[in-house]
Amino acid sequence: MSQMTHLQRLEAESIQIIREVASECRNPVMLFSIGKDSMVMLHLARKAFYPSPLPFPILHVDTTWKFREMIAFRDQLAKDWGLDLLVHINQDGVKQGVGPISHGSAIHTDIMKTQSLKQALDLYKFDAAFGGARRDEEKSRAKERIFSFRSAQHRWDPKNQRPELWHIYNTRIHKGESMRVFPISNWTELDVWQYIYQEKIPIIELYFAKERPVVERDGALIMVDDDRLPINAGETVEKRMVRFRTLGCYPLTGGIESQATDMEGIIMEMLVSRTSERQGRVIDRDHGASMEKKKQEGYF
Amino acid sequence: MHDQSVGKAPEALIRYLKEQESKDLLRFITCGSVDDGKSTLIGRLLFDSKMIFEDQLASLEKDSRKMGTTGQDIDLALLLDGLEAEREQGITIDVAYRFFATDKRRFIVADTPGHEQYTRNMATGASTADAAIILVDARKGLLTQTRRHSYICSLLGVRHIILAVNKMDLVDYSQTVFDQIRADYEAFAKTIGYDHVSCLPLSALKGENVLHRTAALDWFNGPTLLAKLETIPVADADDTGPFRLPVQWVNRPNLDFRGFSGTIAAGRISVGDPVVVLPSAKSSRVSSIVTFDGTRESASIGEAITLTLEDEIDISRGDVICHSENRAGLSDQFEAKIVWMADEPLIPGRPYLLKSGARTVSMVVTRLKYSINVNSLEQAATKRLELNDIGVANISLDQQIAFDPYHDNHETGSFIIIDKMTNGTVGAGMIDFGLRRATNIHWQAVDVNKAARAAMKAQKPAVLWFTGLSGSGKSTIANLVEKRLHAAGRHTYMLDGDNIRHGLNKDLGFTEVDRVENIRRVAEVARLMADAGLIVLVSFISPFRSERKMARDLLPEDEFHEVFVDTPIALCEQRDPKGLYKKARMGEIKNFTGIDSPYEPPLASELTLETALSSAEECAGQVIDYLDQLSD
């Protein structure tokens with residue numbers, strides 16, 4: 001009898017997916033968001049090709065509003081692991097001064113994230129882009145294929161997805177079309193944390209509780225990461241022990257109060273947690289099926 | 001970067017994490033008819049095993065009030081019916097994957113649709129499932145869908161079936177009702193190869209006998225649904241089968257390392273084991289098993305590894321490394337079961353791509369033996385497979401591949417079918433066995449070959465395939481070209497659509513199936529004539545890209561030349577040399593290309609002739625120039 005555990009099985013499945021893309025796609029790229037899911041995906045990719053280096057670049061779509069620590073961590077990691085790192089910023093958006101505070105979260109996310117991603121994919125002519133999305137995150141993601149076909153306009157058509165049987169993936173596309181590929185589709189948040197713990201994968205400090213300057217806004221704890229965040233009347237900046245369960249643009253990412261300063265603490269908190277991780281994301285709450293809408297428009 | 005400090009963790013947590021590490025993973029599907037309560041059941045499993053978070057619960061309560069079908073109670077089905085359209089229609093229209101865990105196991109659930117037109121999604125969910133829960137409404141008993149889904153499970157080789165008789169609360173928890181349904185189902189299950197099925201009574205809505213027992217069902221001695229799911233053996237834990245490694249990626253970081261990466265599809269391998277590589281049949285021994293976490297002495301089924309071999313032999317992606325004592329089959333002809341998944345029917349003779357493991361090759365169905373009626377399991381002769389049809393067919397590939405019968409190995413015995421034009425996944429197949437024909441019928445080797453025949457004629461064989469609308473000028477131009485070639489001492493032959501229809505193809509009509517066969521025969525004749533060393537001029541409307549592609553695929557790459565006679569339809573209609581457009585406009589001819597049947601212009605023809613701009617003579621000149629330039 002073979003003795004594979006569920007994490008070993010998930011790992012093997014992900015590696016097969018990553019190798020398939022490298023073998024069949026002309027010009028793939030791995031999206032890198034610096035978050036824990038990205039770290040797991042990147043770690044799996046290093047495993048997939050060992051002893052060869054990654055046969056594709058990694059791409060960070062920088063909205064210019066990420067936590068400062070994220071950028072430092074990203075650059076250090078690229079150096080330590082010898083990664084071919086591409087960073088893309090939507091310069092049109094920068095010229096127009098688009099930001100989450102001046103334009104609101106919806107416009108900012110659309111221009112600096114969704115449109116920016118499409119720009120980068122078109123610019124480098126990538127035909128496949130890995131993303132670290134998981135099916136347990138959100139209802140519409142639960143139905144997306146591992147190899148998710150996108151039209152030349154980057155649109156996702158949820159009603160017309162290719163059937164995906166066994167572990168055989170159809171990677172064929174016409175010119176201009178592309179695939180989004182999700183190697184950790186079948187992982188849960190707990191799997192991700194356990195794997196990080198077990199494999200000793202480095203992750204950014206923001207996941208661990210620390211005294212950080214925050215303001216309370218609409219029930220969320222927003223970190224004052226730089227002086228671009230206006231402090232409204234009646235708000236006070238205070239130091240609180242907080243950590244982040246997801247990472248994004250700092251004005252759009254709510255922290256949680258926590259005492260978890262190490263991996264064990266995080267896992268412990270997860271186990272007793274009664275709110276899902278996406279709850280900290282402001283963009284999910286606008287509309288009943290907002291993620292599905294965003295995905296159809298080309299958001300990851 | 002954060003240093004992961006270990007050692008401070010509380011005992012209980014360490015123990016918990018250890019337990020987590022030893023969990024295995026069971027994949028199952030739920031299927032049944034639309035109203036049997038599949039989504040409610042999975043919602044119940046997630047809800048009761050505390051996999052639903054508070055914020056999800058809050059939005060669920062909100063959604064339930066807005067769209068729910070359960071009155072004041074929370075509608076658990078809303079958790080799963082993720083897509084907006086589904087929520088509006090109140091049905092599940094695609095496969096949804098959900099995750100939960102108990103102390104013993106981690107589960108992946110595929111919630112698959114019950115609507116007949118979505119059978120392809122059910123097959124998708126079943127292809128990776130270790131077990132299937134088939135839901136039946138206690139009030140309704142077995143339905144057509146129940147049989148259909150059970151049959152698809154058996155077809156895809158799902159090993160364990162659990163019949164869940166749901167909504168017991170609506171039949172007063174009657175044991176008589178349950179026993180009758182169980183007897184009916186067991187009798188049916190035997191006919192599709194399931195000797196043992198577990199039958200359980202439950203109410204998903206009330207959560208009875210899902211995780212917890214209930215007094216109302218005290219007459220039932222079997223396990224709860226969850227207890228059953230926790231004890232089913234996981235399918236691929238058995239590593240006693242013959243070793244197979246489909247090579248997915250050749251790993252060459254530098255000149256000193258040449259590894260073969262892939263996921264082990266069966267068996268176990270150790271350093272020093274003798275292996276053979278298919279299709280080349282070259283043999284060697286395993287010199288190392290490499291992973292990121294260090295080299296290994298052995299590895300087994302399901303693991304993604306990299307092998308290096310003692311000898312330098314040529315291995316590419318798509319080859320299969322096997323144990324030398326027990327190797328996979330090798331063939332280019334199979335009998336296979338096919339599930340058709342596209343609106344466009346499968347037509348024998350039409351070329352498709354087949355992807356199996358890491359190999360993609362060209363395929364055609366050479367013979368459609370029969371289709372299977374999934375309700376009666378009766379076989380019926382058929383000329384094509386429509387969406388959601390299941391059939392048994394002989395297929396032929398353009399090269400040999402390594403395989404195992406699907407029954408023995410799901411990974412090396414399965415394939416998907418891809419449409420060459422749209423790139424869509426149009427079918428899925430399971431290999432029954434290789435056909436002996438492939439190894440027994442060899443091409444008759446002849447001493448006087450094509451090159452010799454062509455050399456005697458001092459010309460390069462070619463097929464000029466003229467395509468275009470009726471009245472576009474194909475035959476006129478082809479005729480002029482042939483005259484000029486003949487005058488120049490070339491050996492030619494012209495195949496004209498209308499003339500062929502009077503003889504070779506007079507048994508064929510104008511249905512889609514016949515049109516494919518029409519083109520196939522002409523292409524085969526053209527191929528034989530090119531083999532005889534001739535320059536062949538084919539003048540055929542041939543409106544569909546897929547059929548011209550079929551003709552192209554029959555010939556060597558440099559011998560097929562597509563000539564698109566590009567004439568606007570208005571001009572064709574104005575010329576109307578045979579009076580056909582007039583008849584078509586009056587409805588006397590059906591399926592007339594350009595009127596009520598489409599013409600798909602070539603996307604990349606070798607030559608395009610615009611007859612609106614040039615005379616027929618000028619067009620013929622362009623063809624001659626093109627041919628001259630080829631022989632330079």
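Note that these values count all heavy atoms, side chains included, but never hydrogens, waters or copies made by symmetry.
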If you round to the nearest 0.5 Å, how far is [atom2] of [Y] from [atom1] of [X]?
{"X": "F107(B)", "Y": "T188(A)", "atom1": "CZ", "atom2": "OG1", "result": "13.5 Å"}
{"X": "W166(A)", "Y": "S356(B)", "atom1": "CH2", "atom2": "OG", "result": "9.0 Å"}
{"X": "N423(B)", "Y": "I173(A)", "atom1": "CG", "atom2": "CD1", "result": "8.0 Å"}
{"X": "R145(A)", "Y": "T124(B)", "atom1": "CZ", "atom2": "OG1", "result": "6.0 Å"}
{"X": "F99(B)", "Y": "R135(A)", "atom1": "CZ", "atom2": "CZ", "result": "6.0 Å"}

Mind checking what makes side-chain contact (heavy atoms from CB on, under 4.5 Å) contact with T422(B), not counting sequence neighbours? D419(B)
Can you sort out the partners of I256(A) under side-chain contact (heavy atoms from CB on, under 4.5 Å), two or more places apart, ordered by chain and number? R243(A), R245(A), E269(A)
Any non-hydrogen side-chain atom of [X] less than 4.5 Å from a side-chain atom of [Y]?
{"X": "L25(B)", "Y": "M4(A)", "result": "no"}
{"X": "Y97(B)", "Y": "S185(A)", "result": "no"}
{"X": "L165(A)", "Y": "M341(B)", "result": "yes"}
{"X": "R106(B)", "Y": "L7(A)", "result": "no"}
{"X": "R19(A)", "Y": "N251(B)", "result": "no"}

Can we say R9(A) and D24(B) salt-bridge, meaning some charged N sits less than 4.0 Å from an Asp/Glu carboxylate O? no
Output the option from [options] having the highest count of non-hydrogen pairs under 4.5 Å with chain B.
{"options": "H167(A), K47(A), E69(A), E177(A)", "answer": "K47(A)"}
{"options": "I168(A), I15(A), L10(A)", "answer": "I168(A)"}
{"options": "R162(A), Q16(A), H6(A), E164(A)", "answer": "H6(A)"}

Between [X] and chain B, which part of the residue has a heavy atom less than 4.5 Å away: side chain, backbone, both or neither?
{"X": "S14(A)", "value": "neither"}
{"X": "Q194(A)", "value": "side chain"}
{"X": "E24(A)", "value": "side chain"}

Check: H174(A) side chain, M421(B) main-chain N or O, donor-acceptor pair, under 3.5 Å: yes
Any donor and acceptor pair, going by atom type alone, linking the side chain of S23(A) with main-chain N or O of Q248(B) inside 3.5 Å? yes
Which residue out of T360(B), I108(B), V426(B), I418(B) racks up the most heavy-atom pairs below 4.5 Å with chain A? I418(B)
